[in-house]
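Remember, it's a predicted structure, so these values are computed and weren't measured experimentally. We name chains A, B, ... by the order of the sequence lines, and we start the count at 1 in each one.
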Amino acid sequence: MRMSQLFSQTLREAPAEAEVISHRLLLRAGFIRQLAAGIFTSMPLARRSLNKIENIIRDEMNAIGGQEMTMPVVHPADIWKETQRWYQIGSEMGRFKDKNNRDMVLAMTHEEVVADLVRKEVRSYRHLPRLIYHIQTKWRDDPRPRAGLIRVREFTMKDSYTLDADWEGLDFQYRNHYQAYFNIFNRCNLPVIAVKSDVGMMGGKMAHEYMYLTPIGEDTLLLCDKCGYSANRQIALLKKEAPPEEKMLPVEKIATPDCKTIIDLANLLDVPESKTAKAVFMMATIPEGMETVEKFVFAVVRGDMEVNETKLANAVKAKELRPATEEEILAVGAEPGYASPVGLKGALVVVDDLIPQSPNLVAGANEEGYHLRNVNYGRDYTADIVTDLVSAQEGNICVRCGGKYREVRGVEVGNIFKLGTRYSDSMGCTYLDKDGQEKPVIMGSYGIGSGRCLACVAEEHNDELGLKWPISVAPFQVHLVVLPGKNDQKAVQTADQMFVNLSQAGIEVLYDDREESPGVKFNDADLIGLPLRITVSDRMVKQKSVEFKLRNSDEKETIAEGDAITKVKSEITRLEAEIKNKVVEVPFKD
RNA sequence: CGGGGCGUGGCUCAGUCCGGCUAGAGCACUCGGUUCGGGUCCGAGAGGUCGGCGGUUCAAAUCCGCCCGCCCCGACCA
């Protein structure tokens, strides 16, 4: 490709709205342009890199038996109503009506379409197992798109779906994906870890997320360096140490004016925060058949811990949770700042499982300015649900080995889900097994965002001059720069010829044939960040030589003109081998 | 959805507080010349409904109201 013909330009300055490095560099280097919040165009450079990423994905999916297909972006709402997700998912779903006033959905994912296909195509155990996938546009009207390509509303995802006759089959395909995903990210030279995760709106049994660790990430992860346990904070378990046993003391009402926070309370009474009970009020939207009901949820955790909203939502099977308003709190007989589980009416009480083991806590009195001492679960109040409700944090004890957790941030670049029969049941996907028995098809679903992957690679590989693409993801392999000098076409002729020769040798070349000064050309080359650079200058062609440079190194090497192709080829081979070495077996961790 | 910020030519920004002549600068773009290994230099040009609508005023980029868009923090999120 001649740069004089390329449909995009580099920018000397990044647009003001770009903050994170990948966003700034992808804009400046001319890879992407924004159309609206969370909606981007992939320019030719980005498209080429995305093609490389997607081809790596294809390669790895095909290697585990995947069959590529394409499913529609626009769906009739009917199938989403069948699985209830039409009702369960809120404003994040893109909905519109067609000309006949029929409800339509913009695909957020494709379980419904797959399930519809399965019930029509799969009749017999002979049709199983299968692995199908596509690379297709998704629309999720995210409330807050941000950070360039990291979090967008329209995006492209590879999503694959496994169809199995039994749970062992699902297990096998799940593990195949587990490894294939590591292969994919390693081949993109993107370091990731797999963590256990919440099943969220997908429903299902087990899920892992593939996380690229970076401070700009939006997910908080807990890692145990001792045993390797890793999980998204949303579901991370932790070891809670039960306090020493105490005799239950009689409840005692005490005046605690202006004492609305746990810290105030602990200070005033001179007790540790772990001797208090913290109350959190939420309104939960809970699906009941086709309808939803709003319930007031009163959650209780120990004062030294935080409520985990994902765990709470899962405990009460809520589709949505929001903080309750003051009026709603008063309506159930609680007092904001002085709330207590003792003597509540009409609330769903959910208590962390450490609370019943923690005797003689200080809790609110449901009366402004008063708390109760020596409140004990079982004697003074009971809960509708007792379960793990708290968020794991830096320094907490590992649930597996007793080590200490470390907290890091990450971007989710992929995920794998064991769906089980959630969709098969609601959409009637059954097959006949060998005994003629009708059984549900067991499904799995697996996603990778290709644009997000590109952004993460850009986020990982850059320096103060610009991008530094791994050879496997670079839009071109070689940046060919010509510096013509004055009144002499010799360099241009040599470079033109080299462009032809390299291209004919199957090498992908971006040829900067523009009439620009050397400084501009070098800076653009560094900004765009192709792994190899060849400079053909007036000065050097006189000695029949050219300059070779790696983006990743400051060294410049003078080589004979005639050796250029050999040199480029061997360097590409070397860089590709480096990447290949990163592809290794990863032990499965559940 | 809550909090904050911003919106002036393709990009970065000044001007807005305190209303007043043809609305400015740098970069990018076009033309001419110059330079030629790290964002050359000189000259000439083209390009703007000052986000939109309404109001106040002799006069609005500037003041007031409503709306829209974009960014950041939070809530949310396969």
When rounded to whole Å, the NZ to C1' distance for the pair A:Lys549 and B:G38 reads 11 Å
Side-chain-base donor-acceptor pair under 3.5 Å for A:Arg28 and B:G39: yes
Atom P, compared across B:U8 and B:U49: separation rounded to whole Å: 12 Å
Nearest-Å distance once atom C1' is located in both B:G52 and B:A44: 36 Å
Which nucleotide in the list B:C76, B:C71, B:G74 gets nearest to the side chain of A:Arg144? B:G74
Side-chain heavy atoms of A:Met108 within contact of A:Lys138, under 4.5 Å: no
Report yes or no: is there a donor-acceptor pair, N or O only, under 3.5 Å between the side chain of A:Asp538 and the base of B:G37? no
Can you work out whether A:Thr10 or A:Tyr446 has the more 5'-proximal nearest nucleotide on RNA chain B? A:Thr10
Report the nucleotide, chosen from B:G39, B:C70, B:G38, that has the shortest atom-to-atom distance to any side-chain atom of A:Leu527. B:G39
Give me the distance, rounded to whole Å, that separates B:G10 from B:U16 when you measure between the P atoms they each carry. 23 Å
Base-pairing assignment for B:G69 (Watson-Crick or G-U wobble, both under 3.5 Å): B:C6
Taking the six-membered ring of A:Trp80, is the NZ or CZ of A:Arg95 close enough (under 6.0 Å from the centre) and on axis enough (within 45°)? no
Categorize A:Arg514 for me: base, sugar-phosphate, or nothing, with a 4.0 angstrom heavy-atom threshold over every strand shown. nothing
C1' atom, B:C11 versus B:G4: distance in rounded Å? 25 Å
What's the closest nucleotide to the A:Glu17 side chain, out of B:C70, B:C76, B:G37? B:C70
Base, sugar-phosphate or nothing for A:Gln34? Non-hydrogen atoms, less than 4.0 Å. sugar-phosphate
If you find the nucleotide of RNA chain B closest to A:Pro15 and the one closest to A:Leu35, which residue's nucleotide is nearer the 5' end? A:Pro15
Taking the same atom, P, in B:C29 and in B:C21, what whole-Å distance lies between them? 33 Å
May I ask you to check whether A:His479 and A:Phe522 place their ring centres under 6.0 Å from each other? no
Cation over ring, A:Lys418 on A:Tyr174, under 6.0 Å and within 45°? yes
Can you classify the ring geometry of A:Phe281 versus A:Phe298 as parallel (below 30°), tilted (30 to 60°) or perpendicular (above 60°)? perpendicular
OP1 or OP2 of B:C77 sitting under 4.0 Å from any side-chain N/O of A:Gln234? no
Specify the separation, in whole Å, of atom CZ of A:Arg140 and atom C1' of B:C77. 9 Å
Ring-ring centroid check A:Trp469 A:Phe476, cutoff 6.0 Å: no
Determine the contact category for A:Arg539: base if any of its heavy atoms lies under 4.0 Å from a base atom, sugar-phosphate if only primed atoms, P, OP1 or OP2 are that close, otherwise nothing. base
Gap in Å between the two C1' atoms, one belonging to B:C64 and one to B:C1, rounded: 27 Å
Using a cut-off of less than 4.0 Å, is there contact between a side-chain N or O of A:Ser517 and OP1 or OP2 of B:U40? yes
Distance, P atom - from B:G2 to B:C67, rounded to whole angstrom: 12 Å
Expressed as a whole number of Å, how far does the C1' atom of B:U22 sit from that of B:C18? 23 Å
